[in-house]
Amino acid sequence: NVIAICDKELIGKYFQEDKFQLEIKEDFFKGEKITPEEAVKILQDMKKEDATFNIVGKKSTKTALDAGIISKEKIRYIQGIPYSMVLL
C-alpha cells in the first residue's frame, strides 16, 4: 500500500537543493481532495498495515504528525518544503 498526501498548491512543482530534488508529480499525488480530519483517519487506519507514506508540504506533514505517522525528526526540507517518507 502506498499513501501519498501533498499540499495541493505543490502539485506539479519541482524543487532542488544541492544534489537533492523533490518532484511532486501530478500523476502520483493528484487524487481525491480531503479534509485534514479525513486524512488523519486514513493515515491512522493505514498505520496498522504494511504501507509506505509519501508526505509533502506544510499542511500535509502537520496532518501526518497529528496522525502519529511521523515525528518531527523524520521531516526533511528541500528549498524550505517539508517532506517525509515512511515505510511501515
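Side chains are part of it too, since the values below use all heavy atoms of this structure and drop only hydrogens, waters and symmetry mates. Source: prediction; values computed, not measured.
The CD1 atom of Ile70 lies 10.5 Å from the CZ atom of Arg76; values are rounded to the nearest 0.5 Å. Note that CD1 of Ile75 and CD1 of Ile81 are 13.0 Å apart. Values are rounded to the nearest 0.5 Å. Here the NZ atom belonging to Lys30 is positioned 14.5 Å from the CD1 atom belonging to Ile24, to the nearest 0.5 angstrom. With rounding to the nearest 0.5 angstrom, the OG atom of Ser84 is 10.5 Å from the CD atom of Glu73. How far CD of Glu32 is from CD of Glu38: 7.0 Å, rounded to the nearest 0.5 Å.
Counting heavy atoms from C-beta on, the side chains of Ile5 and Phe53 never come closer than 4.5 Å. When side chains are defined from C-beta on, Ile69 does not count as touching Ile3, because their heavy atoms never get closer than 4.5 Å. Using a 4.5 Å cut-off on side-chain heavy atoms (C-beta onward), Leu22 and Leu10 make no contact. When side chains are defined from C-beta on, Val2 counts as touching Phe28, because their heavy atoms get closer than 4.5 Å. Annotation: side chain of Gln21 is not in contact with side chain of Ile78 (no heavy-atom distance under 4.5 Å). Glu9 is not listed as a side-chain neighbour of Lys58, based on a closest heavy-atom distance of 4.5 Å or more.
Note on Ile55 and Ile11: separate hydrophobic clusters, where clusters join Ile, Leu, Val, Met, Phe, Trp and Tyr whose side-chain heavy atoms are under 4.5 Å apart, directly or indirectly. Follow the hydrophobic side-chain contacts under 4.5 Å out from Leu65 and you never reach Tyr83; the two are in separate clusters. A continuous path of Ile, Leu, Val, Met, Phe, Trp and Tyr side chains, each step under 4.5 Å between heavy atoms, connects Ile34 with Met46, placing both in one hydrophobic cluster. Linking Ile, Leu, Val, Met, Phe, Trp and Tyr residues whenever their side-chain heavy atoms come within less than 4.5 Å leaves Phe29 and Tyr14 in two separate clusters.
For the pair Leu43 and Ala64, the tightest heavy-atom approach, listed with the atom from each and the gap, is CD1-CA, 3.9 Å. Residues Thr52 and Met85 share a closest heavy-atom pair of CG2-CE, 4.1 Å. Residues Ser60 and Cys6 come closest through the heavy atom pair OG-C, 3.1 Å.
Counting heavy atoms of neighbouring residues, nucleotides and ligands inside a 6.0 Å radius, atom CD of Glu17 exceeds 12 of them.
In this view, Lys25 satisfies the salt bridge (charged side-chain N to carboxylate O under 4.0 Å, His left out) rule with no residue, not counting sequence neighbours.
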